[in-house]
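One structure is given here, and the rest of the page talks about it.
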Amino acid sequence: QVQLVESGGGLVQAGGSLRLSCAASARTFSSYRMGWFRQAPGKEREFVATANWSGGSTDYADSVKGRFTISRDNAENTVYLQMNSLKPEDTAVYYCAAGRLRVRVFEVSGYDYWGQGTQVTVSS
(Lines give C-alpha, C1' and ligand atoms only; values in the text may rest on other atoms or scores of the structure.)
Protein backbone atom coordinates (compact mmCIF):
# COMPACT_ATOMS: atom_id res chain seq x y z
CA GLN A 1 0.00 0.00 0.00
CA VAL A 2 1.29 3.44 -0.96
CA GLN A 3 -0.03 6.69 0.43
CA LEU A 4 0.50 9.86 -1.59
CA VAL A 5 0.01 13.39 -0.30
CA GLU A 6 0.14 16.37 -2.66
CA SER A 7 0.86 19.95 -1.68
CA GLY A 8 1.77 23.25 -3.27
CA GLY A 9 -1.40 24.12 -5.12
CA GLY A 10 -2.97 27.56 -5.01
CA LEU A 11 -4.07 30.62 -6.92
CA VAL A 12 -1.65 32.24 -9.35
CA GLN A 13 -1.88 34.77 -12.15
CA ALA A 14 -1.35 33.76 -15.75
CA GLY A 15 2.35 33.62 -16.53
CA GLY A 16 3.23 32.70 -12.97
CA SER A 17 4.75 29.57 -11.51
CA LEU A 18 3.91 26.93 -8.93
CA ARG A 19 5.75 23.89 -7.64
CA LEU A 20 3.70 20.88 -6.61
CA SER A 21 5.09 18.23 -4.29
CA CYS A 22 3.93 14.68 -3.65
CA ALA A 23 5.21 12.82 -0.62
CA ALA A 24 4.99 9.02 -0.73
CA SER A 25 4.86 6.57 2.15
CA ALA A 26 6.33 3.62 0.26
CA ARG A 27 9.63 2.25 1.52
CA THR A 28 10.23 1.05 -2.04
CA PHE A 29 9.43 4.43 -3.59
CA SER A 30 12.20 4.09 -6.17
CA SER A 31 10.52 0.98 -7.61
CA TYR A 32 7.47 3.00 -8.69
CA ARG A 33 6.90 5.02 -11.81
CA MET A 34 5.40 8.35 -10.77
CA GLY A 35 2.94 10.47 -12.67
CA TRP A 36 0.98 13.69 -12.49
CA PHE A 37 -2.55 13.96 -13.83
CA ARG A 38 -5.13 16.73 -13.69
CA GLN A 39 -8.88 17.04 -13.82
CA ALA A 40 -10.79 20.20 -14.67
CA PRO A 41 -14.48 20.60 -13.78
CA GLY A 42 -16.68 18.58 -16.11
CA LYS A 43 -13.71 16.92 -17.80
CA GLU A 44 -12.01 13.56 -17.53
CA ARG A 45 -8.75 13.14 -15.67
CA GLU A 46 -5.87 13.65 -18.09
CA PHE A 47 -2.18 12.83 -18.19
CA VAL A 48 0.30 15.62 -17.47
CA ALA A 49 3.73 14.11 -16.86
CA THR A 50 5.48 10.92 -15.82
CA ALA A 51 8.93 9.88 -14.63
CA ASN A 52 10.53 6.45 -14.44
CA TRP A 53 12.09 5.05 -11.27
CA SER A 54 15.22 7.18 -11.46
CA GLY A 55 13.68 10.29 -12.99
CA GLY A 56 16.07 9.90 -15.89
CA SER A 57 13.26 9.23 -18.34
CA THR A 58 10.32 11.63 -18.46
CA ASP A 59 7.35 12.28 -20.71
CA TYR A 60 4.87 15.12 -20.95
CA ALA A 61 1.51 15.93 -22.44
CA ASP A 62 1.88 18.17 -25.47
CA SER A 63 -0.12 20.87 -23.70
CA VAL A 64 2.51 21.29 -20.98
CA LYS A 65 5.72 20.38 -22.80
CA GLY A 66 8.34 23.08 -22.35
CA ARG A 67 6.49 24.65 -19.42
CA PHE A 68 6.26 21.86 -16.82
CA THR A 69 9.05 19.72 -15.38
CA ILE A 70 8.65 16.53 -13.39
CA SER A 71 11.43 15.44 -11.05
CA ARG A 72 11.85 13.09 -8.13
CA ASP A 73 14.04 12.72 -5.06
CA ASN A 74 14.12 9.04 -4.12
CA ALA A 75 16.00 9.78 -0.91
CA GLU A 76 13.09 11.96 0.20
CA ASN A 77 10.31 9.79 -1.31
CA THR A 78 9.02 12.85 -3.12
CA VAL A 79 8.07 13.74 -6.67
CA TYR A 80 7.71 17.30 -7.90
CA LEU A 81 5.99 19.15 -10.70
CA GLN A 82 7.46 22.54 -11.52
CA MET A 83 4.90 24.54 -13.48
CA ASN A 84 6.00 27.69 -15.30
CA SER A 85 4.23 30.07 -17.67
CA LEU A 86 0.90 28.97 -16.30
CA LYS A 87 -2.23 29.54 -18.34
CA PRO A 88 -5.90 29.74 -17.29
CA GLU A 89 -6.48 26.41 -19.06
CA ASP A 90 -4.07 24.78 -16.60
CA THR A 91 -6.68 25.29 -13.88
CA ALA A 92 -7.57 21.88 -12.44
CA VAL A 93 -7.15 19.55 -9.52
CA TYR A 94 -3.72 17.96 -9.86
CA TYR A 95 -3.18 14.36 -8.77
CA CYS A 96 -0.03 12.44 -8.05
CA ALA A 97 0.00 8.74 -8.96
CA ALA A 98 2.29 5.74 -8.48
CA GLY A 99 2.46 2.52 -10.44
CA ARG A 100 4.72 -0.39 -11.31
CA LEU A 101 3.59 -1.01 -14.87
CA ARG A 102 5.72 -0.10 -17.85
CA VAL A 103 2.69 0.14 -20.09
CA ARG A 104 -0.20 2.57 -20.22
CA VAL A 105 2.00 5.14 -18.48
CA PHE A 106 0.00 7.96 -20.10
CA GLU A 107 -3.29 6.51 -18.85
CA VAL A 108 -5.13 6.54 -15.54
CA SER A 109 -5.31 2.74 -15.67
CA GLY A 110 -1.52 2.53 -15.64
CA TYR A 111 -1.29 3.61 -12.01
CA ASP A 112 -2.29 1.83 -8.82
CA TYR A 113 -2.16 4.52 -6.15
CA TRP A 114 -3.45 8.09 -6.12
CA GLY A 115 -3.24 11.12 -3.90
CA GLN A 116 -6.20 13.23 -2.85
CA GLY A 117 -5.35 16.04 -5.26
CA THR A 118 -4.40 19.69 -4.92
CA GLN A 119 -6.23 22.59 -6.56
CA VAL A 120 -4.40 24.84 -9.01
CA THR A 121 -6.23 27.94 -10.18
CA VAL A 122 -4.74 30.26 -12.79
CA SER A 123 -6.41 33.64 -13.18
CA SER A 124 -6.30 35.62 -16.41
Side-chain angles (χ1 to χ4, degrees):
Q1 189 74 12
V2 178
Q3 292 184 325
L4 302 171
V5 180
E6 300 99 334
S7 61
L11 173 64
V12 64
Q13 289 188 335
S17 298
L18 280 175
R19 188 194 197 200
L20 305 184
S21 299
C22 173
S25 65
R27 288 188 292 177
T28 56
F29 175 73
S30 62
S31 68
Y32 288 89
R33 167 174 289 277
M34 300 301 296
W36 286 97
F37 288 73
R38 66 186 182 187
Q39 188 166 17
K43 295 188 177 181
E44 292 187 353
R45 194 169 298 190
E46 65 174 7
F47 167 76
V48 174
T50 186
N52 73 336
W53 70 273
S54 68
S57 176
T58 58
D59 280 291
Y60 299 89
D62 288 343
S63 58
V64 307
K65 204 169 291 184
R67 300 188 297 123
F68 291 11
T69 302
I70 186 172
S71 62
R72 62 189 295 166
D73 184 338
N74 287 343
E76 296 293 331
N77 281 16
T78 303
V79 63
Y80 304 97
L81 186 68
Q82 177 67 44
M83 305 186 296
N84 299 328
S85 303
L86 283 161
K87 304 175 181 180
E89 50 264 42
D90 294 319
T91 295
V93 177
Y94 282 70
Y95 296 90
C96 172
R100 281 186 162 150
L101 296 179
R102 296 186 179 184
V103 295
R104 302 194 304 273
V105 298
F106 305 145
E107 301 174 23
V108 170
S109 62
Y111 296 82
D112 303 304
Y113 303 100
W114 293 84
Q116 83 290 347
T118 185
Q119 176 71 48
V120 171
T121 303
V122 185
S123 63
S124 57

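Positions are given from 1, in the same order as the sequence printed here. No hydrogens, no waters, no symmetry mates; every other heavy atom, side chains included, goes into these values.
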Residue pairs fulfilling ring pair (Phe, Tyr, Trp, His ring centres under 6.0 Å) with at least one residue in residues 50-105, sequence neighbours excluded | none
If you take all heavy atoms of [X] and [Y], which pair is closest and at what distance?
{"X": "V64", "Y": "V48", "answer": "CG2-O, 3.6 Å"}
{"X": "A92", "Y": "Q119", "answer": "O-NE2, 3.5 Å"}
{"X": "G55", "Y": "T58", "answer": "O-CG2, 3.7 Å"}
{"X": "L20", "Y": "G9", "answer": "CD2-N, 3.6 Å"}
{"X": "W36", "Y": "I70", "answer": "CD1-CD1, 3.6 Å"}
{"X": "G117", "Y": "V93", "answer": "CA-CG1, 3.8 Å"}

With sequence neighbours excluded, what pairs up with E89 under the salt bridge (Lys or Arg N to Asp or Glu O under 4.0 Å) test?
-> none
Pairing residues for K43 by the salt bridge (Lys or Arg N to Asp or Glu O under 4.0 Å) criterion, not counting sequence neighbours | none
Is the backbone of V122 close enough, under 3.5 Å, to the side chain of T91 for a donor and an acceptor to pair up by distance?
-> yes
Taking side chain as C-beta onward, heavy atoms only, is R33 less than 4.5 Å from T50?
-> yes
State, yes or no, whether a side-chain contact exists between R72 and N74 at a heavy-atom distance under 4.5 Å.
-> yes
Are [Y] and [X] connected into the same hydrophobic cluster when the rule is that any two of I, L, V, M, F, W, Y join if their side-chain heavy atoms are below 4.5 Å apart?
{"X": "L4", "Y": "Y111", "result": "no"}
{"X": "L81", "Y": "V12", "result": "yes"}
{"X": "M34", "Y": "Y113", "result": "yes"}

So the disulfide (SG to SG under 2.5 Å) pairs with at least one residue in residues 65-124 (sequence neighbours excluded) are C22-C96
For [X], which residues count as a side chain to side chain donor-acceptor pair (under 3.5 Å) partner, sequence neighbours excluded?
{"X": "N77", "answer": "none"}
{"X": "Y32", "answer": "none"}
{"X": "E76", "answer": "none"}
{"X": "S17", "answer": "N84"}

Which residue pairs satisfy the salt bridge (Lys or Arg N to Asp or Glu O under 4.0 Å) criterion with at least one member in residues 52-70, sequence neighbours excluded?
-> D62-K65, R67-D90
Which salt bridge (Lys or Arg N to Asp or Glu O under 4.0 Å) pairs, counting each pair once, include a residue from residues 98-108, with sequence neighbours left out?
-> none
Interatomic distance, [X] atom [atom1] to [Y] atom [atom2] [nearest 0.5 angstrom]:
{"X": "M83", "Y": "T69", "atom1": "CE", "atom2": "OG1", "value": "11.0 Å"}
{"X": "Q13", "Y": "S124", "atom1": "CD", "atom2": "OG", "value": "9.5 Å"}
{"X": "T118", "Y": "R38", "atom1": "OG1", "atom2": "CZ", "value": "14.0 Å"}

Under the ring-ring contact (aromatic ring centres under 6.0 Å, His included) rule, collect the residues that match up with F47, sequence neighbours excluded.
-> F37, F106
Heavy atoms from other residues, nucleotides or ligands near CD of Q3 exceed 12 (cutoff 6.0 Å) = no
Members sharing L11's hydrophobic cluster, built from side-chain contacts under 4.5 Å between Ile, Leu, Val, Met, Phe, Trp and Tyr, are none
